[in-house]
Amino acid sequence: MSLLPMIFTAGWASGINAYAVVLLLGLAGVTGLSDDVPAGLQRTDVLIAAAVLFLVEAVADKVPYLDSFWDALHTVVRPASAAVVAALIAGSDGSLPELAAAAVGGATALVSHLVKAGLRAAINTSPEPASNIVASTAEDLSVAGVITLAVFHPVAASIVAAILLFFGVLLVWLLAGRIRRFRRRLRERRERRATAAVPG
């Protein structure tokens with residue numbers, strides 16, 4: 001059970017940016033900041049792949065509408081990545097069954113991902129790109145800060161992650177009307193394109 005705070009925190013962060021979690025944890029292990037990072041996350045090929053995908057996400061995540069498309073693609077990727085990371089963490093210690101760890105990590109990541117996707121849908125109701133850039137940068141900094149805290153103080157990091165997740169869910173609930181308008185807008189746009197594509 002001692003690993004639950006780290007697993008929960010990694011799950012929350014993976015729901016926002018799974019590649020950043022793998023990269024940061026792997027670097028913490030390689031540089032010796034933590035002895036608890038599984039060897040699988042410290043592999044050079046894993047770190048290179050995570051770094052490349054993190055850079056791709058850093059760009060895609062800041063472009064209006066492309067960010068929501070990217071989120072849709074990652075509805076499976078982020079929870080799956082969190083489940084793998086959680087299982088690796090549990091497997092390196094043995095104090096928590098790997099399947100239980102994977103379930104906690106994956107479920108937390110799914111909720112976190114849905115919050116992120118919902119907030120981005122609400123932000124995309126605004127036509128200017130600045131809000132996307134600010135939101136994406138804030139997300140990246142939050143993930144970096146909370147994962148770094150988790151390396152040294154996992155319980156404190158899990159409390160911060162739980163608070164952020166709670167307020168994220170609350171904010172999505174409050175912005176539900178705006179999100180529905182965004183989806184209606186997308187549907188109308190697709191319908192206009194389909195109509196325009198039909199020969200005269």
Side-chain angles (χ1 to χ4, degrees), residues 8-28 46-82 85 105 108-151 157-190 192-193:
F8 176 81
T9 303
W12 169 82
S14 294
I16 298 171
N17 192 325
Y19 307 123
V21 172
V22 173
L23 182 61
L24 290 169
L25 287 178
L27 289 175
V46 171
L47 290 174
I48 291 173
V52 170
L53 290 168
F54 170 75
L55 291 175
V56 172
E57 176 150 331
V59 175
D61 211 36
K62 293 175 176 60
V63 180
Y65 296 103
L66 178 59
D67 61 345
S68 288
F69 175 72
W70 185 262
D71 284 339
L73 289 179
H74 283 74
T75 300
V76 173
V77 174
R78 288 172 182 155
S81 176
V85 169
T108 305
L110 179 60
V111 175
S112 177
H113 164 76
L114 293 175
V115 168
K116 172 188 166 81
L119 291 176
R120 285 311 187 85
I123 288 172
N124 280 332
T125 60
S126 173
E128 42 73 37
S131 53
N132 294 77
I133 295 171
V134 170
S136 177
T137 303
E139 289 166 359
D140 291 343
L141 292 174
S142 297
V143 167
V146 173
I147 288 296
T148 302
L149 179 61
V151 169
S158 68
I159 292 170
V160 172
I163 292 170
L164 291 172
L165 186 60
F166 171 78
F167 281 108
V169 170
L170 182 61
L171 194 54
V172 167
W173 181 73
L174 293 172
L175 293 172
R178 194 167 184 176
I179 294 169
R180 280 194 294 271
R181 285 196 298 275
F182 167 74
R183 289 177 175 164
R184 187 167 60 247
R185 228 177 186 179
L186 281 181
R187 188 168 58 250
E188 290 169 355
R189 183 177 294 183
R190 282 196 298 268
R192 283 197 299 271
R193 284 178 183 169

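Bear in mind that the values here come from a model prediction, so they are computed numbers and not experimental data.
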Checklist entry - Atom CG in D67, atom OG in S136: separation rounded to 0.5 Å? => result 8.0 Å

Item to check | CA sep, side-chain torsions, deciding dist, call: L175, L171, side chain to side chain contact (heavy atoms under 4.5 Å, CB included) | outcome: CA-CA 6 Å; L175 293 172; L171 194 54; 3.9 Å; yes

Checklist entry - Who passes side chain to side chain contact (heavy atoms under 4.5 Å, CB included) against V56, sequence neighbours left out? => result W70

Checklist entry - How long is the gap from OG on S68 to CG on L119, to the nearest 0.5 Å? => result 10.5 Å

Item to check | T9 side chain near L149 side chain, heavy-atom distance below 4.5 Å | outcome: no

Next on the checklist: Using a strict threshold of under 4.0 Å (side-chain N to carboxylate O), is an ion pair present between R120 and D71?
Outcome noted: no

Checklist entry - In chain order, what residues pass the side chain to side chain contact (heavy atoms under 4.5 Å, CB included) check against I163, with sequence neighbours excluded? => result I159, F167

Item to check | side chain to side chain contact (heavy atoms under 4.5 Å, CB included) between K62 and D140, intermediate numbers included | outcome: CA-CA 11 Å; K62 293 175 176 60; D140 291 343; 3.5 Å; yes

Checklist entry - What's the spacing between I147 CD1 and L24 CG if we round to 0.5 Å? => result 7.0 Å

Next on the checklist: If the test is side chain to side chain contact (heavy atoms under 4.5 Å, CB included), which one of N17, D61, V134 qualifies with E139?
Outcome noted: D61

Checklist entry - When you measure from the side chain of S112 to the backbone N and O of T108, does any donor-acceptor pair fall under 3.5 Å? => result no

Next on the checklist: As a quick check of understanding, evaluate side chain to side chain contact (heavy atoms under 4.5 Å, CB included) for V63 and F69, giving each step before the final call.
Outcome noted: CA-CA 10 Å; V63 180; F69 175 72; over 6 Å; no

Item to check | Closest approach of T75 to A72 (non-hydrogen atoms, all atoms of both residues) | outcome: OG1-O, 3.1 Å

Item to check | Minimum heavy-atom distance V115-V172, with the two atoms named | outcome: O-CG2, 3.6 Å

Next on the checklist: If we check side chain to side chain contact (heavy atoms under 4.5 Å, CB included) with Y19, which of these qualifies: V77, L55, V52?
Outcome noted: V77

Item to check | Nearest non-hydrogen partners of A162 and F8, listed with the distance | outcome: N-CE2, 3.6 Å

Checklist entry - In Å, rounded to the nearest 0.5 Å, how long is the span from CZ of R78 to CD of E57? => result 4.5 Å

Checklist outcome for this item: Heavy-atom nearest pair, A144 first then T148, reads O-OG1, 2.6 Å

Item to check | Minimum-distance pair of heavy atoms, taken over all atoms of V21 and A13 | outcome: CG2-CB, 3.4 Å

Checklist outcome for this item: Note: A109 and A82 closest approach over all heavy atoms is CB-CB, 3.4 Å

Checklist entry - What residues form a side chain to side chain contact (heavy atoms under 4.5 Å, CB included) with A51, not counting sequence neighbours? => result L23

Item to check | Pair V22-S81, side chain to side chain contact (heavy atoms under 4.5 Å, CB included): steps then yes or no | outcome: CA-CA 9 Å; V22 173; S81 176; 4.1 Å; yes

